[in-house]
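Along the sequence shown, the residues carry numbers beginning at 1.
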Amino acid sequence: MGTYRQYCPVARACEVLAERWTPLLVRNLMFGADTFNEIARGVPAMSRSMLVTRLDQLERAGVVASCPKPEGYGQHYRLTAAGRDLADVIAALGAWGERWIEVTTQHSDPGFALWAWHRVQVDRSRLPDQPVVVAFVFPDEAPTNRRYWLRVERGDVELCYSDPGGEPDLWVTAASLPFVDWHRGARTWTEVVGAGDVRVDGPRALARALPTWHLDEPVVG
């Protein structure tokens, strides 16, 4: 990392945190992503080589620590005390962005919305007792970002990036921006379904229950 050659604490902090992607990596770690692949899935537009570089920089700066996985290849990553102390900084950035930056189609990646939902916005008390698979299709996305599956089992949710097999219990077909607007609380489920922006096919009781699995605010830590 370069230096601004200034003693000012803002300048010193920016030497570590003002690099592109870095605050998002800290956010992903705060969301509980602790492997390279899970961190990467929270920043799908970031190249893997850049992710390697940024994680290395954060580790050298004392913000992130890593250790080998007990089994197999790769590392587990965690925030150090210095990294955890960034919680208020990340929250302040989020509050500022919510207040001043308009959400447009450029910010409407449904894959990220599903990633955040399954990681920090699942109401586990409302999940069904029986295993359920929900397939999501986003027709306005590129083929690589068009299909996802949420698999509910044993009180938890897994986000699948390839077909887990079998016939899904529910099919959700959605336009990206309305789906993201619902996820972030700008529109209600009733509104996006009523407008035809989101369609749910499957058993009525399960379709009605689906949005209740979603928490409006992330639960971190």
What's the separation between atom CG in L25 and atom CE in M50, rounded to the nearest 0.5 Å? 10.5 Å
Is there a donor-acceptor pair closer than 3.5 Å between any side-chain N or O of T80 and the backbone N or O of G62? yes
With distance as the sole test, does Q6 use its side chain to make a donor-acceptor pair with the main-chain N or O of R12 at under 3.5 Å? no
Nearest-0.5 Å distance that lies between atom CG in L58 and atom CD in E19: 9.5 Å
For the backbone of H214 and the side chain of Q121, can you confirm whether one donor and one acceptor N or O come within less than 3.5 Å of each other? no
Return yes if some donor-acceptor pair links the side-chain N/O of R84 with the main-chain N/O of L79 below 3.5 Å, else return no. yes
Quick check: is V132 connected to V122 through a chain of hydrophobic side chains (ILVMFWY, heavy atoms under 4.5 Å apart)? yes
Transitive ILVMFWY side-chain link W149 to W117, under 4.5 Å: no
T53 side chain to S49 main-chain N or O, any donor-acceptor pair under 3.5 Å? yes
Side chains of W182 and V193, heavy atoms from C-beta outward: is any pair under 4.5 Å? no
Smallest heavy-atom separation, P139 atom then T173 atom, equals CG-CG2, 3.8 Å
OG/S66 to NE2/H76 distance, rounded to the nearest 0.5 angstrom? 11.0 Å
N28 side chain to E38 backbone, donor-acceptor under 3.5 Å: no
Value rounded to 0.5 Å, distance of CG in L51 from CG in L24: 11.0 Å
Kindly indicate whether the side chain of F36, heavy atoms from C-beta on, has any atom under 4.5 Å from the side chain of L55. yes
L215, V192: one ILVMFWY side-chain cluster at the under-4.5 Å cut-off? no
Could you tell me whether the side chain of V200 reaches within less than 4.5 Å of the side chain of W189, counting heavy atoms only? yes
Rounded to the nearest 0.5 Å, what separates atom SG in C160 from atom OH in Y148? 12.0 Å
Drop me the distance from T35's OG1 to I39's CD1, to the nearest 0.5 angstrom. 6.5 Å
Within the distance-only criterion (no hydrogens, no angle test), does the side chain of R41 pair as donor or acceptor with the backbone N or O of L159 below 3.5 angstrom? no
Between D34 and R78, is the closest basic N to carboxylate O distance under 4.0 Å? no
Carboxylate-amine/guanidinium proximity below 4.0 Å for R199 and D201: yes
With a 4.0 Å cut-off, would you call R184 and D216 a salt bridge? no
hydrophobic_cluster_shared for L150 and F112, side chain cutoff 4.5 Å: yes
Intermediate values then yes/no, side-chain hydrogen bond (donor to acceptor under 3.5 Å, both in side chains), Q57 and R54: CA-CA 5 Å; Q57 290 172 334; R54 289 289 184 263; 3.0 Å; yes
Do V133 and W115 sit in the same hydrophobic cluster, where Ile, Leu, Val, Met, Phe, Trp and Tyr count as joined when their side-chain heavy atoms come under 4.5 Å apart? no
Any carboxylate oxygen within less than 4.0 angstrom of a Lys/Arg side-chain nitrogen, looking at E141 and R146? no
Could you tell me whether a side-chain N or O of R27 sits under 3.5 Å from a main-chain N or O of G42, the two making a donor and an acceptor? yes
Take F179 and F138, measure what ring pair (Phe, Tyr, Trp, His ring centres under 6.0 Å) needs, and give me the verdict at the end. CA-CA 9 Å; F179 182 81; F138 301 98; 5.2 Å; yes
